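Note sheet for the following structure.
Protein chains get the first letters and strands the later ones, always in sequence-line order, with residue 1 at the start of each. Remember, it's a predicted structure, so these values are computed and weren't measured experimentally.
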Number of protein chains: 2
Amino acid sequence: MGLASETYLQGACEAECPVRRAAEVLEGKWTTLIVRELVSGVKRYSELQRALAGISPKILADRLALLQVKGLVVKTIYPCVPPKTEYELTPLGREMEKVIRAMAEFGLMLQAAGEATSARP
Amino acid sequence: MGLASETYLQGACEAECPVRRAAEVLEGKWTTLIVRELVSGVKRYSELQRALAGISPKILADRLALLQVKGLVVKTIYPCVPPKTEYELTPLGREMEKVIRAMAEFGLMLQAAGEATSARP
DNA sequence: CCGCATCCCTATTGATACTG
DNA sequence: CAGTATCAATAGGGATGCGG
């Protein structure tokens, strides 16, 4: 890596720009956090809801449906009672892990910077 | 890298979760695309507006102001006529480049996957 | 002209209650 | 359990205007 990577950031941001394509998938509040949960494996709806403190059931369902339509997540329904559904990243969806990791590293830098400024007496 | 990186993706997504911290900064439509433009160097307001086809002046100004408040962008005003302002990433802001690159790589995978499915005759 | 600020409208998100 | 229905709040977006 690092050879052709410069070209990602050159020129205007056209419709075919890879960053724009990725942004269209990852946009929307909670989307990246939902993906973060799924990176560590298959999850049930209720597990996601509990892990993502503060998310509303509507948004969770909406985002999962969108990710499903875009081919990044698969949903499996087990016809039993009580009902049980599982969500899992597709191979294409697992490609988002790199993005999540990069975000995590940036988040750590943010935290370090924030603590440094708030620690001034 | 890769040693402690696993810990980024473990456990529930608490308020201190690095991915959540990053998401709070990068959230909002256009934000990542604005950062993408600034990664390649100092840019004027009008340059950003032209490069980001379709963005409204309000959103562009709002996003830049937010990034400024969060310490990721600095704004320089040149008191001349016609007016001229320049926007530049701070050292902390430049840490977002890794995220943008990861998104770009993911965007290429999306494109490849999309072409593969649409190419079925 | 450039770089926004303002007004106003639509779309997305969110809280809550309820159902198969 | 796994969502949907409903309604209120907030963010996004277009048009216009204005000071420098």
Side-chain angles (χ1 to χ4, degrees), chain A residues 12-13 15 19-20 22-38 41-70 72-89, chain B residues 12-13 15 19-20 22-38 41-70 72-89:
Chain A
C13 186
V19 181
R20 180 172 281 210
E24 283 166 3
V25 164
L26 294 165
E27 85 175 335
K29 210 171 168 182
W30 297 104
T31 305
T32 53
L33 298 180
I34 291 170
V35 172
R36 190 204 96 122
E37 294 300 321
L38 293 176
V42 177
K43 290 284 161 60
R44 295 180 60 164
Y45 181 91
S46 56
E47 288 183 286
L48 293 171
Q49 193 168 237
R50 245 177 291 113
L52 300 166
I55 197 173
S56 76
K58 177 190 196 302
I59 299 301
L60 181 53
D62 284 358
R63 291 287 164 276
L64 287 168
L66 257 179
L67 289 169
Q68 207 185 332
V69 165
K70 290 173 178 172
L72 304 166
V73 162
V74 283
K75 172 180 179 177
T76 309
I77 303 178
Y78 296 93
C80 60
V81 45
K84 175 178 174 179
T85 65
E86 286 184 341
Y87 295 91
E88 186 177 12
L89 291 178
Chain B
C13 186
V19 180
R20 180 171 281 210
E24 282 166 4
V25 164
L26 294 166
E27 85 175 335
K29 210 169 169 182
W30 297 104
T31 305
T32 53
L33 299 180
I34 291 171
V35 172
R36 191 204 95 124
E37 292 300 320
L38 293 176
V42 177
K43 290 284 160 59
R44 294 182 59 170
Y45 181 91
S46 54
E47 288 184 287
L48 293 171
Q49 193 167 240
R50 247 176 290 112
L52 301 166
I55 197 172
S56 75
K58 176 192 196 301
I59 299 300
L60 181 53
D62 283 357
R63 292 288 166 275
L64 287 168
L66 259 179
L67 290 169
Q68 207 185 331
V69 165
K70 291 174 178 173
L72 304 167
V73 161
V74 282
K75 172 181 178 176
T76 310
I77 303 177
Y78 296 92
C80 60
V81 45
K84 175 178 175 180
T85 65
E86 285 183 341
Y87 295 91
E88 187 177 11
L89 291 177

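Atom P of nucleotide dG14(D) and atom NZ of Lys29(B) are separated by 9 Å, given to the nearest angstrom. Going from atom CG of Leu64(A) over to atom P of dT4(D) covers 11 Å, rounded to whole Å.
Side chain to side chain, Glu86(A) and Tyr78(A) meet the donor-acceptor criterion of an N or O pair below 3.5 Å.
Side chain of Lys75(A), nearest nucleotide from dG3(D), dG14(D), dC1(D): dG3(D). Comparing atom distances between the Ser46(B) side chain and each of dG3(C), dA5(C), dA2(D) picks out dG3(C) as nearest. Ranking dG3(D), dT13(C), dG3(C) by closeness to the Ala61(A) side chain, first place goes to dG3(D). Nearest to the side chain of Pro82(B), among dC2(C), dG13(D), dT13(C), sits dC2(C). In this structure, the nucleotide among dG14(D), dA2(D), dA15(C) sitting nearest to the side chain of Ser56(A) is dA15(C).
Among the atoms of the strands shown, only primed sugar atoms or phosphate atoms (P, OP1, OP2) are found under 4.0 Å from some heavy atom of Arg63(B).
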- Task: Give the C-alpha distance, both sets of side-chain angles, the deciding distance and a yes or no for side-chain contact (heavy atoms from CB on, under 4.5 Å) between Leu64(B) and Lys75(B).
- Result: CA-CA 9 Å; Leu64(B) 287 168; Lys75(B) 172 181 178 176; over 6 Å; no
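For the OP1/OP2 pair of dC4(C) and a distance below 4.0 Å, the side-chain nitrogens and oxygens of Thr85(B) include at least one atom meeting the criterion.
No side-chain heavy atom of Arg50(A) sits under 4.5 Å from any side-chain heavy atom of Tyr45(A).
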